[in-house]
Amino acid sequence: MDVNKLNEIAKKLVAPGKGILAADESDGTIKKRFDKIGVESTPENNRIYRQLLFKTSAINKYISGVILFDETIRQSTDEGVPFSKYLSDHGIIPGIKVDKGIKELYSGSPEKVTEGMDGLSERFAEYKNMGAEFAKWRSVITIGEGLPTDDCLKLNSELLASYAKACQENNMVPIVEPEVLMDGGHSLAKCEEVTYRTLKAVFASLESVGIDYSGMLLKPNMVIQAKENMTKASSKEIAEATLRCFSDVIPETLPGIVFLSGGQAPEEATNNLNEMNNIGFFTELSFSFGRALQEPVLKAWAGKSENLKLAQDAFIRRAKMNSLAREGKYAVDME
Ligand code: 13P
């Protein structure tokens, strides 16, 4: 493992003013996103849409890396340039989702465990050959009556740690993503408590396998009330709770935290990130958004080639707003 190289890549991914585009929707997820705009998800339509994102002019000013899905890393531009090469040529680091999605923890359980350990080493080697320099593994944690259970936290944390270790051994930067879901009606305080428990468990497992934190990034949820909770916290409350929750769990050598958006409205996610950067933290606070970067793009595109420019404008706009939020220079009235 080349620790210096991993640290260099991790630092590039969280370079000031830049963040990551999560474009690694699985077959099922991209279908859900396309259903909303009346577009059929086929490998070719998926390719056309992802090409629209990657070819957005000057997007490398704001985007440091892109997380790809297995299908996408095997696809190319209209000119036949593999997407991972196209991105690298434009100064954007290609990454890859390596988990294989989630399944029930036990039969009938509302909790989930992430699959994908089988053949992981071979996949790392193949993706590395295809140009990927970092990877992602997502675990989901559900809040509910008596949930999450210790079993769920332990198993998912151990899997995240095994994945991260194998990733570093293959000289790729692991993005470790424990996502506490926004589903349900729980409060911000409950989310803070569960996020803290989750991060404690995850870092205990990472520690036990000997992860080099300088060559890793954490992709957590923000501490926020659930979707169905009508007591909306202010961005200041969300930012303060998130950083309070992180302050004694995040190792000092971690180059950065790249938040997921988790179903927040795009402007909301941007504003919360901005607020956190206003407060400041000892490590970079950046983004690795899927929906919060892509929702307006999908709407503008609607599967029609004549909307290409409109959709790319929407993408660069969201990327720019999030770039400003990286510096605490975003304001809601810029929207
Ligand atoms: P969202 O920003 O839409 O939550 O997606 C991020 C991601 O990569 C989920 O795994």
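Residues take their numbers from the sequence shown, with the count starting at 1. Values below: all heavy atoms of this structure, side chains included; hydrogens, waters and symmetry mates excluded. In each ligand, atom 1 is the first atom listed, and ligand 1 is the first ligand listed.
Nearest to atom 10 (O) of ligand 1 among the protein's heavy atoms is K136 NZ, 2.6 Å. Nearest protein heavy-atom contact of atom 5 (O) of ligand 1 is G290 N, 3.5 Å. Atom 7 (C) of ligand 1 has as its closest protein heavy atom K219 NZ, 3.2 Å.
An N or O contact shorter than 3.5 Å is missing between A292 and ligand 1 by distance. Some N or O of S261 is nearer than 3.5 Å to an N or O of ligand 1, by distance alone. Inclusion of R33 in the set of residues having an N or O under 3.5 Å from an N or O of ligand 1 is not warranted. By the 3.5 Å distance cut-off applied to N or O atoms, G263 is not counted among the residues near ligand 1.
The contact set between ligand 1 and F289, taken as ligand atoms under 4.0 Å from a residue heavy atom, comprises 2 (O). The distance from ligand 1 to the heavy atoms of A22 drops below 4.0 Å at these ligand atoms: 8 (O). Set against the non-hydrogen atoms of G262, the atoms of ligand 1 under 4.0 Å away are 1 (P), 2 (O), 4 (O). For ligand 1, the atoms closer than 4.0 angstrom to any heavy atom of R138 are 9 (C), 10 (O). Near E177, with a cut-off below 4.0 Å to any heavy atom, the atoms of ligand 1 are 7 (C), 9 (C), 10 (O).
S286 and R326 share a donor-acceptor pair across their side chains, judged by distance under 3.5 Å alone. No side-chain N or O of Y127 forms a donor-acceptor pair with one of N170 less than 3.5 Å apart. Checked by atom type, the side-chain pair T29/S26 shows a donor-acceptor distance below 3.5 Å. In this model, no donor atom of one side chain and acceptor atom of the other lie less than 3.5 Å apart for Q75 and Q51. Counting only N and O atoms by type, the side chains of N229 and T231 include a donor and acceptor under 3.5 Å apart.
Aromatic ring centres of Y49 and F34: separated by under 6.0 Å. Between F259 and F289, a ring centre-to-centre spacing not shorter than 6.0 Å is recorded.
Salt bridge absent: K11 and E8 never bring a charged side-chain N and a carboxylate O closer than 4.0 Å.
Put simply, the side chain of Q168 gets close to the backbone of G215: a donor and an acceptor are under 3.5 Å apart.
For the ligand labelled ligand 1, residue S288 lies inside the 4.0 Å heavy-atom shell. Every heavy atom of Q294 sits 4.0 Å or more from the atoms of ligand 1.
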